[in-house]
Amino acid sequence: MKRDLLESLRGGEELTLREQILLIAQLSLPAILAQISGIVMQYIDASMVGRLGAADSASIGLMASSTWLFNGLCIAAAMGFTVQVAQRIGAGQVKAARNLMKQGLLASVGFGVLLAAAGTAMSGLLPSWLGGSEDICVNASRYFFVYALSLPFVQANNLCGGMLQASGNMRVPSLLHVLMCALDVVFNLLLIFPESHFWGIRIPGAGLGVMGAALGTALAQAVVACVMAFFLLARSPMLRLRAGERMRFEREDWQRGWHIAAPLGLERVIMCGAQVIATRLVAPLGTIAIAANSFAVTAESLCYMPGYGVAAAATTLIGQSIGARRRDLTRRLGWLTTGLGIAIMSLSGALMFAAAPLMIGFLSPDAAVVSLGARVLRIEAFAEPMFAASIVASGVFHGAGDTLAASLLNFVSMWCVRLPIAAMLAPRVGLVGVWVGMAVELCVRGVLFLIRLAGRKWEKALL
C-alpha cells in the first residue's frame with residue numbers, strides 16, 4: 001500500500017532521501033502549475049491589450065508596481081495565519097488549526113475591504129503620482145479602480161488557497177488557478193474588444209478596452225474565490241467547518257499572526273516602494289520604454305513563477321516539519337527545495353534567453369517594443385539562478401515563521417544595490433540600465449539568502 005508521505009512526516013516516520021525528493025515534487029508540481037497559470041493570465045491580458053496599442057499597454061504597465069504592492073499586502077495578511085495552520089497540523093492539533101482558519105478568514109475579509117477602500121480612493125491621482133503622461137493616465141486610473149474593487153476576492157483567494165496548501169492539498173488550488181486563467185480568457189474576449197473571432201465564429205463584445213481587461217480579471221478572481229472557499233469550508237478533510245465548533249478568539253494566535261504578517265507586509269512595502277521608484281525612473285524614458293518594461297516584466301514572470309511554486313511547497317513542508325518537531329528533516333528539506341528551485345529557474349533562464357524575441361513578440365506587435373523588451377529580458381536571464389535562491393529560501397523562512405530577516409535582506413538589496421545602479425545608468429543607457437541594476441541586485445539578494453539559509457537562526461522555532 002502506497003503511504004502518504006506528508007502523513008509520515010507528521011507521524012515521525014523515517015523518510016529516505018528519495019521519498020523526501022518525491023514529497024517535494026508532489027507538493028511543488030501543482031503549485032508550479034498554479035503559478036504558471038497565473039502568469040499565463042497576465043500574458044493573456046497583456047497580449048490582448050497590446051493589440052490596442054502601446055499607449056494602452058503602457059497604462060497597465062504604469063500601475064504594475066502598485067498592483068504588486070496591494071497583492072503583496074494580501075499575501076502577507078494571509079500568511080500570518082496559514083503558516084500557523086501548517087504548524088498546528090504538523091503538531092497534530094487539527095481542531096486548533098480549524099479555529100485559526102476561522103480567525104484568519106475574519107481578519108482577511110476585513111483587511112481586503114480596507115485595501116479596496118484605500119485603492120479606490122487613490123485611483124484617480126495615483127497614475128500622475130507615478131509620473132504617467134496625460135495620454136495614459138485616464139486609462140491607468142480606470143484600470144486601477146476596478147482592480148481595487150476586486151481586492152476582497154484577491155484576499156479570499158490568497159487565504160483560502162493558502163489554507164488548503166497548508167493542509168497539504170496543493171491540487172485543488174492549482175486546478176482552480178487554471179480555471180481562473182480560462183475564465184479570464186473568456187471574460188476578456190467579451191469585454192475588451194467590440195468583437196472577436198474564435199474558430200470562425202464571430203463573438204460580439206463590450207469594447208471596453210483597458211477597463212475590460214480589468215473587469216475580466218476581477219470577475220475571474222471573484223468566481224474562483226467563491227469556489228475556493230467552498231472547497232476549504234465544505235470539502236477539506238482537515239479544515240472544513242464542523243457543527244458545534246464555534247470560533248474562539250485566541251490572543252496568542254493574533255499576536256503570532258501579526259509577528260509573521262507585519263514583517264512580510266513591510267517587505268512588500270519596501271519591495272514595491274522600490275519598484276515605484278524604478279517605475280518613475282522608467283516613465284521619463286517614453287511610451288516605448290514603459291511598454292517594453294511592462295512586457296519584459298510579464299515575460300520574465302513566466303520564468304520565475306515556478307520558483308514561487310517550489311517556495312509554496314517549501315512553506316508547507318517546513319511549517320509541518322517544525323510543527324511535528326522534525327529537526328532531522330527541517331534543514332534538509334530547506335536545502336533540497338532551494339536546490340530544486342535553482343535548478344528549475346536555471347533552465348527557465350536559459351530558455352528565456354533563447355526565446356526572448358518570441359516572448360515579447362507574443363505580447364506586442366510593435367517592433368520597437370519587441371526589440372527593446374527582448375534586449376533587457378536577455379540581461380535578466382543571467383540572474384535567474386540566484387533569484388531562485390532568494391525566492392525558495394524565503395519560502396523556507398516563512399514556513400519557520402522567520403519573516404523579519406527576509407524583509408531586512410530584501411531592503412538591503414533593493415535600496416542599496418538595485419536603485420542606486422538603476423538611477424545612475426537610466427539617464428545614460430535608458431531602460432537597459434534599469435535592468436542591469438535589477439540583474440545585479442538579484443544576484444546579490446540570492447547570495448544573502450543562501451548565507452542566511454546556511455546559518456541556524458531561522459530554525460529558532462525548533463529550539
Side-chain angles (χ1 to χ4, degrees), residues 4 6-7 9-11 27 30-31 34 74-116 150-180 183 219-258 260-261 312-313 315-317 319-320 322-324 398-399 401:
D4 185 327
L6 199 55
E7 183 64 36
L9 181 152
R10 293 192 292 265
L27 293 179
C74 288
I75 292 170
M79 192 73 74
F81 287 92
T82 57
V83 168
Q84 293 187 80
V85 167
Q87 293 180 355
R88 292 293 176 87
I89 290 175
Q93 301 170 0
V94 180
K95 185 176 180 179
R98 287 196 293 271
N99 191 59
L100 268 165
M101 180 267 294
K102 296 172 190 174
Q103 294 178 86
L105 281 173
L106 179 63
S108 293
V109 169
F111 186 67
V113 171
L114 288 176
L115 284 182
S150 73
L151 283 170
F153 297 108
V154 174
Q155 180 69 77
N157 263 328
N158 281 311
L159 192 283
C160 295
M163 291 291 180
L164 289 169
Q165 290 174 345
S167 70
N169 184 348
M170 313 297 276
R171 184 174 300 175
V172 168
S174 301
L175 291 176
L176 289 179
H177 277 94
V178 174
L179 172 63
M180 185 161 63
L183 290 174
L219 288 172
Q221 286 273 8
V223 171
V224 171
C226 294
V227 179
M228 194 87 76
F230 168 76
F231 274 95
L232 174 66
L233 300 176
R235 301 298 299 272
S236 172
M238 292 184 180
L239 298 176
R240 71 175 184 268
L241 298 177
R242 264 75 166 177
E245 283 189 5
R246 295 184 178 181
M247 179 177 65
R248 304 184 315 277
F249 286 93
E250 301 286 353
R251 183 177 179 182
E252 289 185 1
D253 293 342
W254 287 78
Q255 288 177 337
R256 180 158 169 74
W258 170 256
I260 294 172
T315 299
T316 298
L317 284 169
Q320 293 206 13
I322 286 177
H398 292 167

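All values below come from the heavy atoms of this structure, side chains included, with hydrogens, waters and symmetry mates left out.
Between R256 and Q87, the side chains place a donor N or O and an acceptor N or O closer than 3.5 Å (distance only, hydrogens not considered). Side-chain N/O atoms of Q221 and N157 include a donor and acceptor closer than 3.5 Å.
For the pair Q103 (side chain) and E250 (backbone), a donor-acceptor distance under 3.5 Å is present. The closest donor-acceptor contact from the side chain of T316 to the backbone of Q165 lies under 3.5 Å. K102 contributes no side-chain N or O that, together with a main-chain N or O of A97, makes up a donor-acceptor pair within less than 3.5 Å.
With contacts defined as side-chain heavy-atom distances shorter than 4.5 Å, the pair M101/L233 qualifies. For the pair L106 and F249, the minimum side-chain heavy-atom distance is below 4.5 Å. A 4.5 Å side-chain heavy-atom check between T315 and V83 finds at least one atom pair inside the cut-off.
A pairwise comparison of heavy atoms in H398 and M79 identifies ND1-CE, 4.1 Å as the closest pair. Of all heavy-atom pairs spanning Q320 and I89, the tightest one is NE2-CG2, 3.9 Å. Of all non-hydrogen atoms in M228 and G161, the two that sit nearest each other are CG-N, 3.7 Å. A pairwise comparison of heavy atoms in L164 and S236 identifies CD2-CB, 4.1 Å as the closest pair. Annotation for L100 and M163: closest pair O-CE, 4.3 Å, computed over non-hydrogen atoms. What you find for C74 and V154 is that their closest heavy atoms are SG-CG1, 4.2 Å.
Counting heavy-atom neighbours within 6.0 Å of E252 CD, excluding the residue itself, gives a total of 12 or less. Remark: R242 CZ is packed, more than 12 non-hydrogen atoms of other residues, nucleotides or ligands lying under 6.0 Å away.
Annotation: the span from F111 atom CZ to L159 atom CG amounts to 12.0 Å, rounded to 0.5 Å.
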(message) Assess the residue pair F231 and L176 against the criterion (side-chain contact (heavy atoms from CB on, under 4.5 Å)); give the C-alpha distance rounded to whole Å, side-chain angles, the decisive distance to 0.1 Å, and a yes or no.
(response) CA-CA 10 Å; F231 274 95; L176 289 179; 4.3 Å; yes
(request) Start with the C-alpha gap between L232 and R240, add the side-chain angles, then the distance that decides, and say whether side-chain contact (heavy atoms from CB on, under 4.5 Å) holds. (result) CA-CA 6 Å; L232 174 66; R240 71 175 184 268; over 6 Å; no
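A salt bridge links D253 and R88; the closest N-O separation between the charged side-chain nitrogens and carboxylate oxygens is under 4.0 Å.
A distance below 6.0 Å separates the ring centres of F81 and W254.
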